[in-house]
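What follows is one structure encoded as structure tokens, with my remarks underneath.
Indexing begins at 1, ligand by ligand and atom by atom, following the structure's order.
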Amino acid sequence: MFDLFKRRYDTTPEGTHGRVPPGQYVTEKFPVLHYGDVPHYTNLEETWDLRVWGNIAEPKRFSFAEFRALPTIQVTMDIHCVTRWSKFDTTWEGVQFKEFLKHIPEIDSSAAFVIAHAEHNFTANIPLEFLMEDDAMLAYKYDGEELTPEHGYPLRLLVPKKYFWKSAKWLRGLEFLPHDKLGFWERYGYNNNADPWKEERYSS
Ligand SMILES: Nc1nc2c(c(=O)[nH]1)N[C@H]1C(S)=C(S)[C@@H](COP(=O)(O)O)O[C@H]1N2
Ligand SMILES: [Mo]
């Protein structure tokens, strides 16, 4: 028992087997962080959709039911927030980004970046190659349950290889672009590359 406990919460490099990026501490809590109000939805079929546009053959729109009919995967990842907390072994369910691409019109070969568009004009920019990783997904369940409003209900992006701010909550659109374009926190001074292992927190 004690040994198990120790293995989970001992955050020395030996205790975590190199799982804690530089400057991070491990928490068991799941803090809520965002700018603006939490959106609340009543009838998703009428008030919610997911739109895809930009560098693709033609724009596409998914209703809630259409999106929820897509095949799903489960991913267990460690969260690393730029405000220094890390949370281990969070389990999510949703549509793998790579899989999602099979259900939208063909993306142009020049597309290299994706802008995630969320409620209240929040945006996050991500290089397409990071979304092509096996663990990048459009998530709607956390720990086996529907996302809570605070954590992004009904849909959020998950980009496990980056600091958590790139994982846009309340996702409503994906825009494909040939060039990069800074998102909300990136314009605010966060480091555009956002690699927790390189401690790329802020832009200089
Ligand atoms: N739409 C939206 N998504 C967002 C943010 C935001 O301000 N708006 N903040 C980001 C930041 S800074 C963090 S750390 C994570 C926090 O996710 P959580 O509240 O589920 O822990 O959401 C990210 N996604
Ligand atoms: Mo954050």
Side-chain angles (χ1 to χ4, degrees), residues 19-41 44 47-53 62 64 67 74-95 97 100 113-127 130-131 133 135-175 181-203:
R19 271 173 81 183
V20 188
Q24 297 291 112
Y25 68 89
V26 178
T27 181
E28 252 204 291
K29 294 186 207 133
F30 194 171
V32 170
L33 279 160
H34 55 262
Y35 178 80
D37 298 330
V38 174
H40 288 271
Y41 303 87
L44 288 168
T47 61
W48 186 92
D49 62 7
L50 180 69
R51 288 170 188 271
V52 187
W53 72 94
F62 291 84
F64 183 69
F67 185 78
Q74 232 190 44
V75 166
T76 298
M77 63 171 268
D78 295 346
I79 294 171
H80 307 300
C81 176
V82 71
T83 61
R84 298 185 182 272
W85 56 270
S86 290
K87 183 174 173 63
F88 285 174
D89 296 325
T90 64
T91 299
W92 306 81
E93 202 176 306
V95 182
F97 191 85
F100 182 68
F113 295 89
V114 175
I115 310 295
H117 291 263
E119 298 291 355
H120 310 315
N121 297 316
F122 178 87
T123 55
N125 54 316
I126 305 104
F130 278 88
L131 293 173
E133 299 268 343
D135 56 7
M137 68 192 288
L138 307 171
Y140 53 81
K141 284 190 180 173
Y142 168 74
D143 220 1
E145 308 278 345
E146 206 66 33
L147 292 181
T148 59
E150 296 73 28
H151 288 298
Y153 178 82
L155 187 66
R156 79 180 296 165
L157 188 65
L158 276 189
V159 194
K161 304 273 188 309
K162 300 289 193 185
Y163 278 124
F164 206 36
W165 84 74
K166 300 262 185 193
S167 295
K169 303 192 277 192
W170 314 300
L171 187 70
R172 293 296 304 274
L174 294 165
E175 179 185 9
K181 186 174 163 185
L182 297 185
F184 179 88
W185 290 111
E186 292 80 7
R187 284 197 301 275
Y188 186 81
Y190 284 12
N191 186 304
N192 192 28
N193 200 48
D195 182 342
W197 295 98
K198 295 185 188 152
E199 216 174 347
E200 295 171 325
R201 294 177 198 276
Y202 307 105
S203 55

*Answer whether the closest heavy-atom distance between the side chains of Arg201 and Arg84 falls below 4.5 Å.*
yes
_Among all the protein's non-hydrogen atoms, which is closest to atom 7 (O) of ligand 1, and how far away is it?_
Tyr35 N, 2.8 Å
*Counting both backbone and side chain atoms, is some N or O of Trp85 under 3.5 Å from an N or O of ligand 1?*
no
*Closer than 4.0 angstrom: is that true for some heavy atom of Tyr163 and an atom of ligand 1?*
no
*At what distance is the nearest protein heavy atom to atom 16 (C) of ligand 1, and which residue and atom is it?*
Leu33 O, 3.3 Å
*asked:* Would you call the rings of Trp197 and His80 parallel, tilted or perpendicular, taking 30° and 60° as the class edges?
replied: perpendicular
*Please report which non-hydrogen protein atom sits nearest to atom 21 (O) of ligand 1, along with the residue it belongs to and the distance in Å to one decimal place.*
Pro31 O, 2.7 Å
_Going by the closest heavy atom to atom 22 (O) of ligand 1, which one wins out of Glu119, Arg156, His34?_
Arg156
*asked:* Just to confirm my output: which protein heavy-atom neighbour is closest to atom 12 (S) of ligand 1, and how far is it?
replied: Trp165 CB, 3.3 Å
*Should the proximity of Phe184 to ligand 1, defined as any heavy atom under 4.0 Å, be assigned to the side chain, the backbone, both, or neither?*
neither
_Lys181/Glu186 salt bridge by N-O under 4.0 Å criterion_ = no
*Under 6.0 Å between ring centres, would you say that holds for Tyr35 and Tyr188?*
no
*Does a side-chain N-to-carboxylate-O contact under 4.0 Å join Lys87 and Asp78?*
no
*Taking heavy atoms and a distance under 4.0 Å, where does Trp185 meet ligand 1: side chain, backbone, both or neither?*
side chain
*Note, Trp170 side chain near His34 side chain (heavy atom, < 4.5 Å)*: yes
*Could you tell me whether the side chain of Trp85 reaches within less than 4.5 Å of the side chain of Glu28, counting heavy atoms only?*
no
*Could you see which bit of Ala124 sits under 4.0 Å from ligand 1, with heavy atoms only: side chain, backbone, both or neither?*
neither
_Suppose we measure from atom 1 (N) of ligand 1 to each protein heavy atom; which comes out shortest, and what is that distance?_
Lys169 O, 2.9 Å
*Report yes if the distance between the aromatic ring centroids of Phe64 and Tyr41 is under 6.0 Å, otherwise no.*
no
*Looking only at distances, please establish whether an N/O atom of ligand 1 is found under 3.5 Å from an N/O atom of Tyr190.*
no
_For ligand 1, the portion of Phe122 having any non-hydrogen atom under 4.0 Å away_ = side chain
